[in-house]
Student: 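The structure that follows is given in the form of structure tokens.
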Amino acid sequence: MQFALGASAVNKEELPTLPENLELSALLPEGWDERAGPLGKALSGLLHNPYFSAGAGLWAMTVAGYFGRSFTSSCRTILRRQFLISFEVANTDSSFTVMERWIAQQPSLRSRQVTVSTQSFYGSGEADKLHFSPAPGVKHYFLFNRRPIWMTRVRNTRKDAEGEVFESMTFSTVGTSTALFEKMMRDAKDAEEGGRKKHTQVYTNNGTYWATQRKRAIRPLESVILPGDVSERLLADVQKFNSSVDYYRKLGVPYRRGYLLHGPPGCGKTSYVMALAGYLNMSISLLSLSSKSVNDENLMDLLNKVNDKSIILMEDIDRAFSAGSSVTMSGLLNALDGVGAQEGNIVFMTTNHVEKLDAALIRPGRVDLKVEIGLLDADQVRRMYLKFFPNATVDQQTRMTHQIKDLTMSAAQLQSHLFIQREDAEAAIRNLPQFIKDMKEFEKEMEMLRAAGRKTKDAVAAKAAAEDNEDEEDEL
């Protein structure tokens, strides 16, 4: 009998044959059962059983396969741990946005699945910039320093209490040192710093991490008109602090600095901090304590995560502890200069009512420099007038300053008038008395409305108290 195999034929008799009853006992030397005693004889019966022999063979193959697979997996794990390096960054860290924008600019990245993010530049006149970065759920490949790197982006569809989605990016490559990823992070930071020279980056606390907001055009420091040499003194103090880290450590003093800017609204407190950050090429971390998601514990974590070159700004600190706030005064004090407080922080607080602040909050060590920024004096009026009309004559400057009594108008109010009259320097002087009159009438009306509101509120409270007293008398 023959079997056709392609173009050849093979006789069945020529094929190797297997024993019809393959038993495990055939694998052992002859006479082993007699030499093994009673136990050997009992086992010999099982080994001569073909069904047992077949089952034992399958079991041996299964065990061998299991150990082989385990060995392969262990070798793969060892190789991955020894020769594969990884680097992960999550969107709870400010570096996430930095890396996302840097990746979008890499020429070797050829992603067919991308996600878009918009970068806005507030107040700079620049058009919004679109960044097309690798999409989540897909592996992406690119080259860095002639090394192949693959990246995976993971996005959690579940949102946190603030409505934000958790995301992370993981970069991997073959190697034994993380120096490559450290250089990658430095390059991304340097690229971000290069863009910061034209803009001021603003961060806001979003739950337990800092969220990136729109960049703002750098405001010239001289555009904020402060009384006397206040601007120069503040700038010199911050610059001196930034260069004194070794001096602080030598003295054994915590390396941090606090400032309090107080005065009426509209006098330039927040504007000066923004301009100062731009002048020093620093970012702004705007801390809001009124968010329900911020409590004493994660407030400390937030302050410890602030970027090295960032100014922490707390506006209207006298109103920070509102009804919806979960932060206590004790928690804020510990976050500012407690045992676990971060060193290197520069904190600016602003308030319209310094008299309402707790003495413990503004003591030296927490607030090292207190500066009043009040209503305009004659010199500020003159400098602000020159800012809008650089070619104004000395006579025009004098007449302008005589129109306004010292400490009766805020910088925001005068700036509003000068914006309206910016086409005519004489009209700005001529129409200023009417502007002041309208402003005072408006303030008088607003004060009457506020007084009426307070009166109504007091009447309602008195009525409620009277009703409560009547109820108590009825119960008696």
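On a predicted model such as this, the values are computed, not experimentally measured, just so you know.
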Student: Ring centres under 6.0 Å, that's the criterion: do F96 and W210 meet it?
Tutor: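 No; W210 has its ring centre 6.0 Å or more from that of F96.
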Student: Please check if any side-chain donor atom of S168 sits under 3.5 Å from a side-chain acceptor atom of R155, or the reverse.
Tutor: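 Their side chains do not contain a donor-acceptor pair, so the 3.5 Å distance test is not met.
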Student: Once rounded to the nearest 0.5 Å, what's the spacing between atom CG of N334 and atom CE of M329?
Tutor: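 Atom-to-atom, N334:CG and M329:CE are 11.5 Å apart.
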Student: Could you tell me which non-hydrogen atom of A341 sits nearest to which non-hydrogen atom of A335, and how far apart they are?
Tutor: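 In this case the closest contact between A341 and A335 is CB-O, 3.4 Å.
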Student: Side-chain contact test, heavy atoms from C-beta onward, threshold under 4.5 Å: evaluate it for R101 versus V98 and give yes or no.
Tutor: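 No, side chains not in contact.
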Student: To the nearest 0.5 Å, what is the distance between CD on Q380 and CG on L226?
Tutor: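 Result: 7.0 Å between the selected atoms.
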Student: Before accepting this row, confirm whether a basic side-chain N of the pair K183/D187 lies closer than 4.0 Å to the acidic partner's carboxylate O.
Tutor: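 Looking at K183 and D187, the cut-off is met.
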Student: Does a donor on one side chain and an acceptor on the other come within less than 3.5 Å for T350 and E315?
Tutor: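 No donor-acceptor contact under 3.5 Å links the two side chains.
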Student: Determine whether T176 and I85 make a side-chain contact, defined as any pair of heavy atoms from C-beta on separated by less than 4.5 Å.
Tutor: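 Heavy-atom side-chain distance check fails, nothing below 4.5 Å.
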Student: State whether the number of non-hydrogen atoms from other residues, nucleotides or ligands found under 6.0 Å of R363 atom CZ is greater than 12.
Tutor: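 Yes.
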Student: Which of parallel (below 30°), tilted (30 to 60°) and perpendicular (above 60°) describes F87 and F171?
Tutor: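 It falls in the parallel class, under 30°.
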Student: Side-chain donor-acceptor pair under 3.5 Å between N307 and S283, yes or no?
Tutor: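 The answer is no; no qualifying pair exists.
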Student: Measuring from I149:CD1 to T173:OG1, what's the distance to the nearest 0.5 Å?
Tutor: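 With rounding to 0.5 Å, CD1 (I149) is 5.5 Å from OG1 (T173).
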Student: Relative to the ring of W150, is the ring of Y141 parallel (under 30°), tilted (30 to 60°) or perpendicular (over 60°)?
Tutor: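 Y141 vs W150 ring planes: tilted.
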Student: Would you please say whether a donor-acceptor pair under 3.5 Å links the side chains of N352 and K269?
Tutor: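 Yes.
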Student: Could you measure the distance from the CD1 atom of I311 to the CE atom of M274? Nearest 0.5 Å is fine.
Tutor: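 It comes to 9.5 Å.
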Student: Just checking, is any N or O donor in the side chain of T152 or T170 under 3.5 Å from an acceptor N or O on the other one?
Tutor: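 No donor-acceptor contact under 3.5 Å links the two side chains.
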Student: Assert yes or no for the condition that the ring centre distance of F348 to Y272 is strictly below 6.0 Å.
Tutor: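 Aromatic pair excluded; centres sit 6.0 Å or further apart.
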Student: Nearest 0.5 Å, what's the CG-CZ distance between L143 and R147?
Tutor: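 If we round to the nearest 0.5 Å, L143:CG and R147:CZ are 11.0 Å apart.
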Student: Taking C-beta and beyond as the side chain, do D368 and R256 meet within less than 4.5 Å on heavy atoms?
Tutor: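 Contact flag for D368/R256 side chains = no.
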Student: Do E222 and R383 pass the salt bridge (Lys or Arg N to Asp or Glu O under 4.0 Å) test, and can you show the C-alpha distance, the side-chain angles, and the key distance before you say yes or no?
Tutor: CA-CA 10 Å; E222 61 273 11; R383 285 188 288 153; over 6 Å; no
Student: If you take all heavy atoms of P227 and D377, which pair is closest and at what distance?
Tutor: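 Closest approach of P227 to D377, heavy atoms only: CB-OD2, 4.0 Å.
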Student: In Å, rounded to the nearest 0.5 Å, how long is the span from CG of D358 to CG of D318?
Tutor: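 If I round to the nearest 0.5 Å, the distance is 12.5 Å.
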Student: Step through the shown structure and confirm whether more than 12 heavy atoms of other residues, nucleotides or ligands are within 6.0 Å of CD on Q239.
Tutor: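 Yes, CD of Q239 has more than 12 neighbouring heavy atoms, counting only those of other groups under 6.0 Å.
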Student: Looking only at atom types and distance, does a side-chain atom of H353 sit under 3.5 Å from a main-chain N or O of T351, one as donor and one as acceptor?
Tutor: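 No, H353 side chain to T351 backbone: no donor-acceptor pair under 3.5 Å.
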Student: Evaluate whether atom OH of Y248 has more than 12 neighbouring non-hydrogen atoms of other residues, nucleotides or ligands under 6.0 angstrom away.
Tutor: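 For Y248, atom OH is crowded (more than 12 foreign heavy atoms under 6.0 Å).
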Student: Take atom NZ of K370 as the centre, draw a 6.0 Å sphere, and report whether it contains more than 12 heavy atoms from other residues, nucleotides or ligands.
Tutor: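 For K370, atom NZ is crowded (more than 12 foreign heavy atoms under 6.0 Å).
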Student: Distance only, no hydrogens: is a donor on one side chain within 3.5 Å (strictly under) of an acceptor on the other, for D237 and Y259?
Tutor: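 Yes.
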Student: Under 4.0 Å between a side-chain nitrogen and a carboxylate oxygen: does that hold for K305 and D301?
Tutor: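 Yes, charged N to carboxylate O under 4.0 Å.
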Student: Which heavy atom of P264 sits nearest to which heavy atom of I373, and what is that distance?
Tutor: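 Closest pair (atom of P264, atom of I373, distance): CD-O, 3.7 Å.
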Student: List the steps, then state whether side chain to side chain donor-acceptor pair (under 3.5 Å) holds for S133 with T115.
Tutor: CA-CA 5 Å; S133 55; T115 184; 5.3 Å; no
Student: Would you check if there is a donor-acceptor pair between the side chains of N295 and N298 at a distance under 3.5 Å?
Tutor: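 Yes, a side-chain donor-acceptor pair sits under 3.5 Å.
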Student: Tell me whether S244 contacts the main-chain N or O of Y247 through its side chain, where contact means a donor paired with an acceptor under 3.5 Å.
Tutor: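 Flag not set: sc S244 to bb Y247 has no pair under 3.5 Å.
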